[in-house]
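Sequence lines set the chain letters: A, B, ... in the order given, protein chains first and strands last, and positions in each chain run from 1.
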2 protein chains.
Amino acid sequence: MKARDFKNRIYTELSAIAKALANPHRLEIIDLLAQGPSSVEYIAKNTGMTIANASQHLQTLKSARLVKAERRGKYSFYSLQSTDVFKLWKTMRELGFAQNAQIGKLLRDFRKSRHNLESVDSDKLLDRIEKGEALLLDVRPREEYEAGHIASAVSIPKNELLERLKSLPKNKEIIAYCRGPLCAMADDAIKILHEHGYTASRLEAGFPEWDTEGKPVD
Amino acid sequence: MKARDFKNRIYTELSAIAKALANPHRLEIIDLLAQGPSSVEYIAKNTGMTIANASQHLQTLKSARLVKAERRGKYSFYSLQSTDVFKLWKTMRELGFAQNAQIGKLLRDFRKSRHNLESVDSDKLLDRIEKGEALLLDVRPREEYEAGHIASAVSIPKNELLERLKSLPKNKEIIAYCRGPLCAMADDAIKILHEHGYTASRLEAGFPEWDTEGKPVD
DNA sequence: CCAACATTCAATAATTCTATTGATTGTTAA
DNA sequence: TTAACAATCAATAGAATTATTGAATGTTGG
């Protein structure tokens, strides 16, 4: 094979990976699948897509080998092909945050509009939890908590928070987390907690970021 | 802003980065710009594109903030916006090699067809050069060598190799390197060296990989 | 100023991508 | 077996991407 032919083929193959990532819905799907395996219906509901459209995008991701599908009864469960896929997405996301002022501004403005500028440094967090100064609250849907969560975290899904408020202590700081930096569930939870007199702040990272950093999970 | 609107906007912005990478020519441009700043003409010549087409792709990369342009006289010199862009491309490339058997096979078959299966481990290389057992040969075009090269490397561009063979020692192993794992220039050089009785092998990494690993460069 | 040259711009046709729609294929539970 | 349901398939119109062509812009050196 000529060197030129080889280059054409290999750059074409590699650009197929970028093509699979080159769509906002598919990025959101990857962010969601980083929480754990999900059915097509669940993905569609959580991203605001129709079932058919979600299915189509999932197949695009599958043929680029970024996700895999497993049949369980009448459901297809999709999951990331490997954690390296999440790492690639995270690398790309961070390049966007660092390099594109518009993207950074979008994120900051959104946080600001929720009165939630400061987020907790994850390094010091473990200490504070052990000392009983802080409580870690997972506000994602139950399914995602059960698929994997940060060690010692308590699960109260965002839409159950109001009715289960009383189970939370007022003498500890409550650290809420959700799917990751682009997820608003923890922000919403904090707003509710503040309105009811709790001390609460947000963990910037979500479960997948925590997990890929090798920190303790259940 | 509603959470849904925020997500739509931020995933759309981030997918613009992937869109810019979602083309084989643009990936090849990034691989080339990782060697150092280049004019449009140089890029076009080295990737087999027309000037107008190269210019158009460069503008696509520029508006995604992956590359930047600087005017020098009548030339526009393009370069990567930051080394993080190279790191993103490298992450994507490695995911492709690891996850897609077809891509891995393409690379192996190409190397095999050039009788060049083994490549040198870059960790032990520095020692061997210091001991005088090996000589590092940069076979990229002069411009790229001058823009930056591995410390202690000697420059003989691939197409000058035949006429400058005599300047190379026969009692040392010659380690050739070029732009990186997708570049064939080092393979071509090794073929020539073998045909003339030299001991030669290839460094898998190119200059940009070496540099981003923090190893010594000039 | 003019000629030469590097690059960009503008227009276009061919191709590819995307969301929607409705039909079809599998699977489970009654 | 049938009804209900999850997912996929197939077709399609509208939008976006791409290579090519030739013209336009901007810079340098004489």
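- Taking the six-membered ring where the residue is Trp, B:Phe6 and A:Phe110 present parallel rings, their angle staying beneath 30° rather than reaching 60°.
- No side-chain donor-acceptor contact under 3.5 Å links B:Thr60 and B:Gln56.
- A distance-only check finds a donor-acceptor pair linking the side chain of B:Gln35 to the backbone of B:Arg179 [under 3.5 Å].
- Following rounding to the nearest Å, A:Ile51 (CD1) and D:dA4 (C1') show an atom-to-atom distance of 14 Å.
- The closest side-chain donor-acceptor pair between A:Asn23 and B:Tyr11, if any, does not fall under 3.5 angstrom.
- The separation between A:Tyr75 atom OH and D:dA4 atom C1' is 11 Å, rounded to whole Å.
- Per the geometry, CD belonging to A:Glu41 stands 9 Å off C1' belonging to D:dC5, to the nearest Å.
- Contact annotation: B:His57 side-chain N/O to D:dT17 OP1/OP2 distance is not under 4.0 Å.
- Counting only residues at least two apart or on different chains, the salt bridge (charged side-chain N to carboxylate O under 4.0 Å, His left out) pairs with a member in residues 97-106 of chain B are B:Lys105-B:Asp109.
- The residue B:Tyr42 sits apart from the nucleic acid: no heavy atom pair falls under 4.0 Å.
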Check nucleotides 9-12 of chain D for protein N or O atoms closer than 3.5 Å to its own N or O atoms and list the pairs.
{"unit_1": "D:dC9", "atom_1": "OP2", "unit_2": "A:Gln59", "atom_2": "OE1", "d": "2.4"}

Contact state string [nucleotides 24-30 of chain D, B base, S sugar-phosphate only, - no protein heavy atom under 4.0 Å]: ---SS--
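- Applying the salt bridge (charged side-chain N to carboxylate O under 4.0 Å, His left out) test to pairs two or more places apart or on separate chains, those with a residue in residues 148-159 of chain A are A:Lys158-A:Asp188.
- A donor-acceptor pair under 3.5 Å is absent between the side-chain atoms of B:His149 and the main chain of B:Phe207, judged by distance alone.
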Would you be so kind as to tabulate the donor-acceptor pairs closer than 3.5 Å made by side chains of residues 70-77 of chain A, with sequence neighbours excluded?
{"unit_1": "A:Arg71", "atom_1": "NE", "unit_2": "A:Gly73", "atom_2": "O", "d": "3.3"}

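- Contact check on B:Arg111 versus B:Asp187 returns a salt bridge, with a Lys/Arg side-chain nitrogen under 4.0 Å from an Asp/Glu carboxylate oxygen.
- Under a 4.0 Å N-O distance rule, the pair A:Arg4/B:Glu28 qualifies as a salt bridge.
- Of all nucleotides in DNA chain C, those with any atom nearer than 4.0 Å to a heavy atom of chain A start and finish, going 5' to 3', at C:dC17 to C:dT28.
- Using a 4.0 Å cut-off between charged side-chain N and carboxylate O, A:Glu209 and A:Lys87 make no salt bridge.
- Counting any heavy atom pair closer than 4.0 Å across all strands shown, B:Thr60 reaches no nucleic acid atom.
- Put simply, B:Asn23 has a side-chain N or O that comes within less than 4.0 Å of OP1 or OP2 on D:dT18.
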